[in-house]
Student: 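One structure coming up, written as structure tokens, with questions to follow.
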Amino acid sequence: MAHRTVLVVLFDGVQSLDVTGPVEVFAGAEKHRPGSYRIRTASLDGRPVRSSSGLTLVPDQTLADAFEPHTLLVPGGEGTRCPDPRLVDWLRERGPDAERLVSVCTGAILLAAAGLLDGRRATTHWAYCDKLARDHPAVAVDPDPIYVRDGHVSTSAGVTSGIDLALALVEEDLGRDAALGIARHLVVFLRRPGNQAQFSAQLAAQTARREPLREVQQWISEHPDGDLSVESLAARARLSPRHFARAFQAETGTTPGRYVDRVRLEHARRLLEDTADGVEQISRASGYGTPEAMRRAFVRALGTAPAEYRRRFHPAPSR
């Protein structure tokens, strides 16, 4: 089996974790199955670069001298805000030659500047999705998922999602057992599905300032199958229902009902991904009551039914 060359682009202001996270995954795969990957790093002039956190990264070579890679990986970081035009030109010229084009975080901005995301669905760090969409209207920006794969082009969100995407690529190349071994070694999840939201329900909403409301948020996340009506939650916060609803929205940025919907959906998705429990059991455990109620919630939020969601994202058992 020939090595798959992974070429990582380096530049001043790069986010170091965007580089080291995927590199550790591919290096782990090479240790697991020697001959799988050959990892190279390159900068425009072959000189060391300074990461956004102050770390110095020493490339293996210049981009001009780099061989055509199987996987071209473009990290993000502060250096993507005003990139060197020579880097964008190099990506425009050489990017189409890669069998697999990958970006981490705001590396998608560099790919878009080079015209490599035109007509494609893509994502980036949540804080830069609006900018990407505004500056590059030919790109179909999806701000929700942790990574998006469109043909041979893959884009990912914030720093840790680069690890998720790299694990998915290793699983595609070498199989689930190899990816599982790497994930265990790195002490990370084997697979967060690409369409998992960049924010959990708790992160998507602000944390309430007042302790009673924070306690209610925690209660909701721990008891998705409980009585989560406004009246019940208001009593738990020792407020009138009307005062509670107003205060909750003012302090979290969302209504109690929407927050409950997010928590229940997230809980059901996690059970579908990680367990073999039946749909009826999951619907009860997640507070939907019936499979039909859960199906309606999934179709409304995700455009797919629970059974199809499980088929796509529940890992197949290892043989």
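Numbers for residues simply follow the sequence, beginning at 1.
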Student: Are P96 and L116 close enough that some pair of their side-chain heavy atoms sits under 4.5 Å apart?
Tutor: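 Heavy-atom side-chain distance check passes, below 4.5 Å.
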
Student: Check this for me: does any side-chain nitrogen of one of R310 and D277 sit under 4.0 Å from a carboxylate oxygen of the other?
Tutor: no

Student: Does any non-hydrogen side-chain atom of L265 lie less than 4.5 Å from one of Y288?
Tutor: yes

Student: Under 4.0 Å between a side-chain nitrogen and a carboxylate oxygen: does that hold for R149 and E172?
Tutor: yes

Student: Taking only Lys NZ, Arg NE, NH1 and NH2, and the carboxylate oxygens of Asp or Glu, determine whether E266 and R269 approach each other closer than 4.0 Å.
Tutor: no

Student: Per the side chain to side chain contact (heavy atoms under 4.5 Å, CB included) rule, which among P75, S43, P83 passes with F11?
Tutor: P75

Student: Would you mind reporting whether R86 and D45 have side-chain heavy atoms less than 4.5 Å apart?
Tutor: yes

Student: Less than 4.5 Å apart, side chain to side chain, heavy atoms only: is that true for T106 and L132?
Tutor: no

Student: What residue among V104, V170, L169, L165 forms side chain to side chain contact (heavy atoms under 4.5 Å, CB included) with P22?
Tutor: V104

Student: Could you check whether T252 and T254, counting side-chain N and O atoms only, form a donor-acceptor pair closer than 3.5 Å?
Tutor: no

Student: How are the rings of F244 and F248 set to each other: parallel, tilted or perpendicular (split at 30° and 60°)?
Tutor: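 F244 vs F248 ring planes: tilted.
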
Student: Could you tell me whether D150 and R121 have a side-chain N and a carboxylate O separated by less than 4.0 Å?
Tutor: no

